[in-house]
Amino acid sequence: MSDLGSEELEEEGEKYLGEYEGERNEAGERHGHGKARLPNGDTYEGKYEHGERHGQGTYKFKSGARYIGEYVKNKKHGRGTFIYPDGSRYEGEWADDLRHGHGVYYYVNNDSYTGEWFAHQRHGQGTYFYAETGSKYVGTWVNGQQKGTAELIHLNHRYQGKFLNKNPVGPGKYVFDIGCEQHGEYRLPDVEREEDEEETLVTVVPKWKVTKITELALWTPPRPQEQTTADGPSQGEAPGAEGGGEPAEEVQPLTDDMSEGELDSVHPGEEEGDASREDGEEFHYDSLDQGNVSFEEEEARPELLD
């Protein structure tokens, strides 16, 4: 849901500013703490400085949305919480009326994103949690899209690799809790076209190609009284291991009976879509949706448009 430019300005002397009750300076400007009801039906209570919202305040929209946080010269700037009419909310940093810095977005379907924002979009390092499946994407984002090195964690396995245009690409591996790693590569399949075929938009999804299956590289931390020999430990640390405090059980390697076809049911993401969320994008792993709507849909909500 858009909140850009949605607050009505209260610049003294330009037009009717609605009702105001509060402190003023010697020049008659709104200055200090005050309450205002704007001509468009919105209300604001908080700090003013020289006629502008400046400092901590609460802005309530007639649509039901509200912002509780810091202002600088009539713009959301600093830390604040924006609650949308559908129940979703953002808690974090703002700059010039935009989500910017570190913040958490809670979606209406209980999904959440925790991480960095830039100019109102997910940008930098962040984690998206899928409430329905319990999976989460941990990695980098660029302009609202999953891009770069990341890990997609499911309940009993995880995928580690790189992402581009919302899809896994290139070399990577699946790490299974049963004690094996499946190495491979996501490749774009060849798309054959007839010469006289009309140009149509075709979504090409990378396909997983298995190269080898290995055991997990196990690592047991030395006891405090033991010193590591010059040769070092004989086993490596398990990739993506959690906890790290207890030795992992040794497991038998998978046999060669596991083929590429058996991984058809294992996809990097298995998330359900939810059209009521504020913004987001889709994972296209074998035609499976990530679970949040397009960022453009955010700007289309009528109550808070520019």
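Quick caveat: nothing in here was measured; it's all calculated off a predicted structure.
The line from CD1 of Ile153 to OG1 of Thr127 is 7.5 Å long, rounded to the nearest 0.5 Å. To the nearest 0.5 Å, atoms NZ (Lys47) and NE2 (His31) are separated by 9.5 Å. If you take CG on Asp42 and CZ on Arg66, they are separated by 13.5 Å, rounding to the nearest 0.5 Å. From Ile213, atom CD1 reaches atom CD of Gln182 across 5.0 Å, with rounding to the nearest 0.5 Å. Here the CG atom belonging to Asp96 is positioned 5.0 Å from the NZ atom belonging to Lys75, to the nearest 0.5 angstrom. The NZ atom of Lys173 sits 9.5 Å away from the NZ atom of Lys212 when rounded to the nearest 0.5 Å.
In this pair, His157 and Phe176 present their aromatic rings parallel. The plane angle is below 30°, not in the 30 to 60° band.
Within the 4.5 Å cutoff, no side-chain heavy atoms of Gln160 are placed close to those of Thr149. A 4.5 Å side-chain heavy-atom check between Asn25 and His50 finds at least one atom pair inside the cut-off. You'll find the side chain of Arg24 reaches within 4.5 Å of the side chain of Arg30, heavy atoms only. For the pair Tyr59/Leu38, a side-chain contact is recorded, criterion being any heavy-atom separation below 4.5 Å from C-beta on. The shortest side-chain heavy-atom distance between His123 and Glu116 does not fall under the 4.5 Å cut-off. Here the side chains of Glu70 and Lys76 are not in contact, with every heavy-atom distance at 4.5 Å or above. Residues Tyr107 and Tyr128 meet the side-chain proximity criterion, which asks for heavy atoms closer than 4.5 Å.
Under the side chain to side chain donor-acceptor pair (under 3.5 Å) criterion, His183 pairs with Glu181, Thr214, sequence neighbours left out. A search for side chain to side chain donor-acceptor pair (under 3.5 Å) contacts involving Arg89 returns Glu91, not counting sequence neighbours.
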Query raised in the report: Does the side chain to side chain contact (heavy atoms under 4.5 Å, CB included) test come out yes or no for Ile83 and Thr81, once each step is laid out?
Result: CA-CA 6 Å; Ile83 303 172; Thr81 298; 4.0 Å; yes
Exercise for review: Could you give me the CA-CA distance, side-chain angles and deciding distance for Trp141 and Gln146, then say whether side chain to side chain contact (heavy atoms under 4.5 Å, CB included) is met?
Suggested key: CA-CA 5 Å; Trp141 302 72; Gln146 301 88 352; 3.5 Å; yes
Practice problem: Quick one: do His120 and Arg99 satisfy side chain to side chain contact (heavy atoms under 4.5 Å, CB included)? Show the steps, please. | Solution: CA-CA 4 Å; His120 228 48; Arg99 295 188 292 271; 3.3 Å; yes
### Query
Step by step, would you call Tyr105 with Arg122 a side chain to side chain contact (heavy atoms under 4.5 Å, CB included)?
CA-CA 10 Å; Tyr105 200 107; Arg122 294 183 287 269; 5.9 Å; no
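With a 4.5 Å cut-off between side-chain heavy atoms of Ile, Leu, Val, Met, Phe, Trp and Tyr, the cluster of Val104 takes in Tyr106.
At distances below 3.5 Å, at least one donor-acceptor pair connects side-chain atoms of Asp111 with backbone N or O atoms of Ala131. In terms of modelled atom types and a separation under 3.5 Å, the side chain of Glu23 and the main chain of His33 share a donor-acceptor contact. Side-chain atoms of Thr58 never come within 3.5 Å of backbone atoms of Ile68 as a donor-acceptor pair (strictly under, hydrogens ignored). A donor-acceptor distance shorter than 3.5 angstrom exists from the side chain of His100 to the backbone of Ala119, with no hydrogens or angles considered. For Lys62 (side chain) and Asn40 (main-chain N/O), a donor-acceptor pair under 3.5 Å exists by modelled atom type.
For the 3.5 Å distance criterion, the side chains of His102 and Glu93 fail to qualify, holding no donor opposite an acceptor.
When the side chains of ILVMFWY residues are joined at heavy-atom separations under 4.5 Å, either directly or via intervening members, Tyr20 and Phe61 end up in a single hydrophobic cluster.
Residues Pro206 and Pro189 come closest through the heavy atom pair CA-CD, 4.3 Å. The two residues Glu29 and Gly51 come nearest to each other via the heavy atoms CB-N, 3.9 Å. Closest non-hydrogen pair, Tyr44 versus Gln56, comes out as OH-O, 3.8 Å. Taking every heavy atom of both residues into account, Leu155 and Asp177 meet most closely at O-OD2, 3.5 Å. The minimum heavy-atom distance linking Ala65 with Pro85 is given by the pair CB-CD, 3.7 Å.
Each of Tyr113, Phe163, Tyr159 was compared with Tyr137 under the ring pair (Phe, Tyr, Trp, His ring centres under 6.0 Å) criterion, and only Phe163 meets it. When the options Tyr67, Trp117, Tyr71 are evaluated for a side-chain contact (heavy atoms from CB on, under 4.5 Å) with Trp94, the one that passes is Tyr67. When each of Glu52, His77, Arg53 is checked for a side-chain contact (heavy atoms from CB on, under 4.5 Å) with Val72, only His77 meets the rule.
Ring centroids of Tyr48 and His54 are separated by 6.0 Å or more, keeping the two rings apart.
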